[in-house]
Peer 1: 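The structure's right below; bear with me while I get my questions together.
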Amino acid sequence: MTTPRLIRACRHEVLDRPPVWFMRQAGRYMSEYQAIRSKATFLELCKNVDLATEVSLQPFKAFGVDAVIMFSDILIPPEAMGMSLEFTDGKGPVFHDPLRSVAQLDALKMPDVHESMGFVFEILKQLRRELESSPETALIGFSGAPWTLASYMIEGGTSRNFMYLKQWMYNEPEALHRLLGMLTTLVEQYMSAQIEAGAQMVQLFDTWGGLLDEAGYRTFIQPYEARIIKTLQTKYPDTPVTLYVGGSSHMLSAVAETQPDVLSVDWRTDLKTVRNIVQPVAPNRVLQGNLDPTAMTVEPDVLKGLVETTLHAGGNQNYIFNVGHGLIPQTPRENVQRVVDWVKESAKTPATCSL
Ligand code: CP3
């Protein structure tokens, strides 16, 4: 049986080139996406198994990336807990009744993942069927991490100062821990069901995990990430678990202590420095990243230099080429194609060494 390149990278194989895919690779920068999106709201798209399958496959069909990430959003589980969610065109996601009191926390339900989010697992099953004839391509599932989910649930959307979240943290730490514990249990069940439906790798997105100092991270974020990672690794030892903690350069060693199989890093620290910090706490780890997504919008010759620097730092072992955060809607699709081609062409040049 052919093992996807991405999974071989996670097994520490030395490859002729690293696998390449992009966080937020499906979306508005693609006209194919916009054509489908013009007929349905974003949430309708997430819940329509055929359309979500089609959208997930668009970047693979267009650019030949090495992995397909299921099309969905990290805010589907909070909606399943009973929170009313809307994606607006101007302000992004909005929860109409954000969590602002302990009484509201008591009213949250722990949903049955299959009953409330069955469509997600159907999307994964359908994607695995579609990818049967492309066994080199991996299928990725994902979830938001508890801290980032809590931030949206409490703030009610994207935030500048995260005042409500931080008020909970300082005024009601026990209530916040209760919420984070509930979310951890839900995320464990949700990601387990994704693996059982066919996800070959799963990624935990802690987009706002870098908001706190290291002591805060160790109190409110790290234990929950570590628990999810441990649970999944114990239940599914063959399925790599990736952790992305946005803006965490000031505490990478603490992040690495959660022992993910793959550590996905943003552009704020170069990959060689990341390796040196991670190696003593989590030896032989796979790194993923870390091209600045904004660089995907610049002149091709400038972009090429940045991709080469990233490839050189990453190397051909223990490395997955990706951006340091999701692709932005202004990304010219030609640049996505170029970057995929450059990474693939790097197989023809002599291997660089990562360590
Ligand atoms: O990677 C992929 O291609 C899979 C799809 C995916 C989406 N969201 C689709 C999406 C993934 C993995 C996510 C994760 C996600 N969602 C995160 C974590 C990663 C990150 O970017 O930090 C976060 C924080 C969210 C929450 C979210 N969803 C926001 C803040 C927004 C609004 C901003 C924006 O880009 O519009 C969304 C909407 C969203 N999620 C869109 C897509 C394609 C755009 C919706 C549209 O078509 O109108």
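First listed ligand is number 1; within each ligand, the first listed atom is number 1.
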Peer 1: Between Lys272 and Asp270, is there a salt bridge with N-O shorter than 4.0 Å?
Peer 2: no

Peer 1: Short list, please: which atoms of ligand 1 are under 4.0 Å from a heavy atom of Met70?
Peer 2: 4 (C)

Peer 1: If you measure every N or O of Ile69 against every N or O of ligand 1, does any of those distances drop under 3.5 Å?
Peer 2: no

Peer 1: State plainly whether the residues Asp106 and Arg178 are in salt-bridge range, i.e. N to O under 4.0 Å.
Peer 2: yes

Peer 1: Thr148 to ligand 1: N or O pair under 3.5 Å?
Peer 2: no

Peer 1: Kindly compute the distance separating CD (Glu54) from CD (Glu32), expressed to the nearest 0.5 Å.
Peer 2: 9.5 Å

Peer 1: Below 3.5 Å, N or O to N or O, backbone or side chain included: is there any such pair between Trp208 and ligand 1?
Peer 2: no

Peer 1: Which atoms from ligand 1 have a heavy atom of Phe205 less than 4.0 Å away?
Peer 2: 12 (C), 18 (C), 19 (C)

Peer 1: Could you pull out, from Pro329, Ser72, Gly326, Gly27, the option with a heavy atom nearest to atom 7 (C) of ligand 1?
Peer 2: Ser72

Peer 1: Answer yes when Asp238 and Arg11 have at least one side-chain N-carboxylate O distance shorter than 4.0 Å, and no when they do not.
Peer 2: no

Peer 1: Need the ligand 1 atom indices (1-based, order shown) with element for anything under 4.0 Å from a heavy-atom of Tyr152.
Peer 2: 24 (C), 30 (C)

Peer 1: Using ring centroids (six-membered ring only for Trp), state whether Tyr29 and Phe22 fall under 6.0 Å.
Peer 2: no

Peer 1: Does the pair Arg8/Glu136 count as a salt bridge with the N-to-O cut at 4.0 Å?
Peer 2: yes

Peer 1: Quick one: look at Tyr244 and ligand 1, take heavy-atom pairs under 4.0 Å, and tell me if it's side chain, backbone, both or neither.
Peer 2: neither

Peer 1: Considering both backbone and side-chain atoms of Gln25, is one of its nitrogen or oxygen atoms within less than 3.5 Å of a nitrogen or oxygen in ligand 1?
Peer 2: yes

Peer 1: Only one of Leu108, Asp97, Leu105, Leu75 passes side-chain contact (heavy atoms from CB on, under 4.5 Å) with Met153; say which it is.
Peer 2: Leu108

